[in-house]
Amino acid sequence: MTEVRPGTAASAPLWERDTELAAVAEAVDALSAGSAAGSLLVFTGEAGLGKTALLARVRAVAEGRCTVWSARGGETITSVPFNVVRQLLQPALVALMPDEAREYFGDWYDIAGPALGIAEPGARQADPQGVCDGLVAAVRRLARREWPLVLIIDDAHWADQETLHWLAAFAERLDDLPVLVVVARRPGDATGESARHLDTLDALARPMPGLRALSPDATAGLTRATLGEHADAPFCREVWAVTGGNPYDSVELLAKVQDSALEPVESSAGELRALNRAARGRGLVDRLEGLGVDATKFAWAAAILGTQISVRLAAELAGIQRDEAERCAARLSAARILTGTDRTPGQPDDGELEFVHPLIATAVYRSIPDALRTAMHGVAASVVTASGLGAAAASRHLLEVHPDDDPELVEQMREAAREHLAVGAPDAARRCLERALLEPPLPEVHARVLYELGCATLLTSPATTIGYLRQALTVHGLEEELRVDAVCRLSSALVHNDQLEAAVATVDAEADRLDAGPERMRLQAVHYMWEGIHAGEEDAPGRSRRLARLVQPLTGRDNSERALLILRAFDAMTRGENAEEVVELCDRALVNGRLAPGLGWTDTEWSFELLMMLGISYTYADCLDRAESLFAEARSSYESAGWSGGHLALAHAFGGYVLRRRGRLREAEAALREALRLADRVGHGLPMHWSAACMLIDTLLARGHVGEAEEIAERYAFEPPHPSTIVLPDTHSIRGRLLIATGRVEDGVNELESAEKMSESRGGHNTVMAPWAGDLARALAATDPRRAMEVAADARIQAERFGTDTAIGEALRCAAALETGRRSVALHAQAVTYLEASPCAYEHAAARVDYGIASRSTTEINRGLTLASSCGADGLVARARKALASGVFPH
């Protein structure tokens, strides 16, 4: 049993904490000894079980050997984004000059700096995932500057969601960092995303039992250590019975015993329950009121302000002079209600105060009469605003004020929302705007607030966005340009919520009420964009004809026209129309070979899907240089802007797929795995998962890694039902190829025939984007050779219609596989000629190996083997070597 010296009741929570203290000592020893690997400890327990005391011991053990930074969550400030991480890093941030901070943070300064309050936010809404990544990178760099470093976070269940997001991500990357993270929290007090992040911390931490109440023996030991060895057994037993062994309650009760000079003997035990009531709850409030009116008002003000309480702000909120406030702080400190950092007993600190224990903070806050508490929050908002801390800092107080038809409050909350969005806290922005709606806003402002709410939640909750934007469109007050933007954003949210048909109908309804002009053309472009990615549309040929007529006279004079040119190019590419015309349409959508102003990757007027369509059209038209440049620009733009969520995931995915088309299969696999890692952080089962998983499965099959492809398919549920949006490459084709590769030939053929039916319904298909024909023909060759030949012949016609070297070469390779003798050799030779001219090295390698085997030429097989090896096509390498080893080829 851990013991303490007599008279140190404050150490009570450390009784019976041998396991926890041993873990602390071991972790700090390892850290201070130079261990390069970090570690995480999480202490969990109900209120009063000694979490804060354990963290104090961590600090005591680590100080002098490590740098120690600490922070605490607060029950009343969970709505303040990045509050706890700012507390945590405050020592480092204060020590750094602006130029030093920029140097240490590097490229992440402009992304993470605004969240930490050391840099001005940009004009664009920050991506929450990007800000989180920036904070992880920034703290990692600071940790290397301050190592060995101990980070302590108390009351993590009351930490803001944004801090917990960062903390969970940071904890996942401790392996190579000399940092010890120690967290204390109550179980079950957090909900939603915060609870998920705390669960992540629990899973990453060293296994540790939850804290429990003290045993009767430990309580007796504590009692005697505090009151003296003469405390008798019945008295000690009653202390345990009254407090339930709760360390905090035991300390407070024993302090009351000391204050009352009660003898710790059996005859006095009956008075313990009354003393216990005086030490907590109403008794604590009575004790507070006994310190005087000003002290009570000051304590109330402190409870309203939360953690890191400024003496100056608390004095203003309490309505008392500074000198009196300092005297109140001293009295509250002596009464074990408030404390300050490194505070001398009886001497008020001139900086920040905290409550001695969160239970005290809660009791004081709840003791404020409801009406007065609400009023004090309103005053606190004014005090905070007047102090220059900004609308976002004041907003948490305004959230507690009752609605009162106050236009000024609405504007304050709108400004606060803008500040929150600029630093990457959309949930905080949503809370502010939802509160503004309750006021309610003036009629001329109401629609704008709804519109802003829809924009604020677009990245985090498409379903919420849909509701607010639909309301905004039914309320008078949106100017036409803003109204069109609202419709476009609403349609995007509907698509991402798997309501594609509703998205198209919404856009059409708005377009019908507008006259010809740029706004109507923008809506038409959005209409065709959503229809273009709809996998199951009923009249694809008719839509293509209408789009072609609409685009024919366009020159690309503005972004609406450029968008339509891209959409026409994409449609023509998917249908396998002439590739030269596809490229010409794509080129016309550019300005001097570059994306037009306002049509960039991070511009919000147009959906990023549009530019993905442009890049993929170039990809399948064999213009891989242009496609690679576009997707590299996408990655760079997103990384510079701090967009590291779904946008960056897709940029990696499509960039990786260009590498797949080039035949750089190892690099392609790495990029696509990174895309899936990024997508996993956004959510699960999203359309982006289908795209990245499909591309990765295709790449792994090309490498000959069938087992890994099957594992990815299982992990991401790459099976029916297929999504309603188009996935590139065609999911039915790739899944059919996978099934055949794993021996499920009949199922694979069924999947490929589904792809065939879908292609027929579109009136044509790109044989490289939807490569079902080659696999289907080969699968049918043994059982239905006539049908196999028909499929291959039709594929060749379609490939020649599209006209790229890759499409024609692959069609010839398929035809050659179905022939024998000289006819087969001749077709293989033609396939090699086309694929050698194409930019697709893997397909060229496969054609070389096929040609060498058909012509019995070791020279051709070796050339194919060399190409396959450079591509990373391990399965093709093995096939070539097997052929060479068979001994049937002349030397």
Side-chain angles (χ1 to χ4, degrees), residues 74-84 86-87 90 93 113-121 123 125-126 160 162 297-322 325 350-353 365 368 371-442 445 448-449 452-453 456:
E75 185 177 16
T76 62
I77 55 174
T78 56
S79 64
V80 181
F82 306 108
N83 170 61
V84 174
R86 287 189 183 190
Q87 285 184 53
Q90 190 177 47
L93 299 179
L116 293 174
I118 61 172
E120 290 297 318
Q125 177 175 340
D160 57 274
E162 291 76 14
K297 288 164 61 178
F298 187 85
W300 286 353
I304 292 288
L305 292 173
T307 60
Q308 289 191 306
I309 302 150
S310 161
V311 175
R312 177 179 60 82
L313 290 182
E316 289 185 43
L317 179 53
I320 59 180
Q321 296 298 313
R322 177 61 180 267
D350 195 44
E352 294 175 338
L353 302 169
Y365 184 77
I368 308 172
L372 178 57
R373 184 168 59 240
T374 300
M376 289 185 73
H377 275 295
V379 175
S382 299
V383 168
V384 168
T385 302
S387 69
L389 295 177
S395 64
R396 79 168 184 91
H397 298 291
L398 294 176
L399 288 170
E400 305 297 329
V401 175
H402 295 313
D404 193 30
D405 292 318
D406 185 353
E408 184 179 351
L409 183 145
V410 172
E411 293 309 307
Q412 285 177 294
M413 294 307 252
R414 291 177 71 193
E415 176 59 28
R418 286 189 285 270
E419 291 183 19
H420 287 318
L421 289 172
V423 300
D427 281 332
R430 172 188 55 78
R431 288 192 293 270
C432 290
L433 292 169
E434 287 176 341
R435 174 60 187 82
L437 279 181
L438 297 176
E439 199 55 21
L442 295 171
V445 178
R448 279 185 169 272
V449 174
E452 290 163 8
L453 253 170

Check your understanding: Considering residues at least two apart in sequence or located in another chain, which fulfil the salt bridge (charged side-chain N to carboxylate O under 4.0 Å, His left out) criterion with Arg86?
Key -> none

Revision key, fill the gap. Correct closest heavy-atom pair for Phe298 and Ala315 would be CE1-N, 4.1 Å

Exercise for review: Please work out which of the three classes, parallel, tilted or perpendicular, describes the rings of His377 and His397, given edges at 30° and 60°.
Suggested key: tilted

Check your understanding: Is Leu313 close to Leu389 at the side-chain level, that is, under 4.5 Å between some pair of heavy atoms?
Key -> yes

Check your understanding: Quick one: does Val84's side chain get under 4.5 Å of Asp160's, heavy atoms only?
Key -> yes

Review point. Can you check side-chain contact (heavy atoms from CB on, under 4.5 Å) on His420 and Asp427, steps first, answer last?
Key: CA-CA 8 Å; His420 287 318; Asp427 281 332; over 6 Å; no

Per-pair distances, 0.1 Å, donor-acceptor, side chain in residues 399-410, under 3.5 Å, sequence neighbours excluded:
residue : atom : partner : partner atom : Å
Asp406  : OD1  : Glu408  : N            : 2.9
Asp406  : OD1  : Leu409  : N            : 3.4

Check your understanding: Under 4.5 Å between any side-chain heavy atoms of Leu398 and Arg435, yes or no?
Key -> no

Exercise for review: Show your working on side-chain contact (heavy atoms from CB on, under 4.5 Å) between Ser387 and Arg312 and close with a plain yes or no.
Suggested key: CA-CA 10 Å; Ser387 69; Arg312 177 179 60 82; 4.1 Å; yes

Revision key, fill the gap. Nearest heavy-atom contact between Ala429 and Ala417 is CB-O, 3.5 Å

Point to revise | Considering all heavy atoms, the nearest Leu421-Pro426 contact | key: CD2-CA, 3.8 Å

Review point. If every non-hydrogen atom of Ile77 is compared with every non-hydrogen atom of Gly306, which pair is closest and at what distance?
Key: CG2-CA, 4.3 Å

Review point. Leu433 versus Arg414: any side-chain heavy-atom pair under 4.5 Å?
Key: yes

Check your understanding: Taking C-beta and beyond as the side chain, do Ser395 and Met413 meet within less than 4.5 Å on heavy atoms?
Key -> yes

Exercise for review: Could you tell me whether the side chain of Arg373 reaches within less than 4.5 Å of the side chain of Trp300, counting heavy atoms only?
Suggested key: no

**Study point:** Candidate pair Ile304 and Ile368, rule side-chain contact (heavy atoms from CB on, under 4.5 Å), full reasoning
**Key:** CA-CA 9 Å; Ile304 292 288; Ile368 308 172; 4.1 Å; yes

Study note, to complete from the structure: With sequence neighbours left out, the residues meeting salt bridge (charged side-chain N to carboxylate O under 4.0 Å, His left out) with Glu419 are none

Check your understanding: Which heavy atom in Leu317 sits nearest to a heavy atom in Ala380, and how many Å separate them?
Key -> CD1-N, 3.7 Å

Point to revise | Any donor-acceptor N/O pair, Arg396 side chain to Thr78 backbone, under 3.5 Å | key: no

**Study point:** Note: Glu452-Arg448 ion pair, threshold 4.0 Å (strictly below)
**Key:** no

Revision key, fill the gap. Heavy-atom nearest pair, Ala302 first then Ile309, reads O-CD1, 3.6 Å

Review point. So how far is it from Glu352 CD to Gln90 CD, rounded to the nearest 0.5 Å?
Key: 5.5 Å

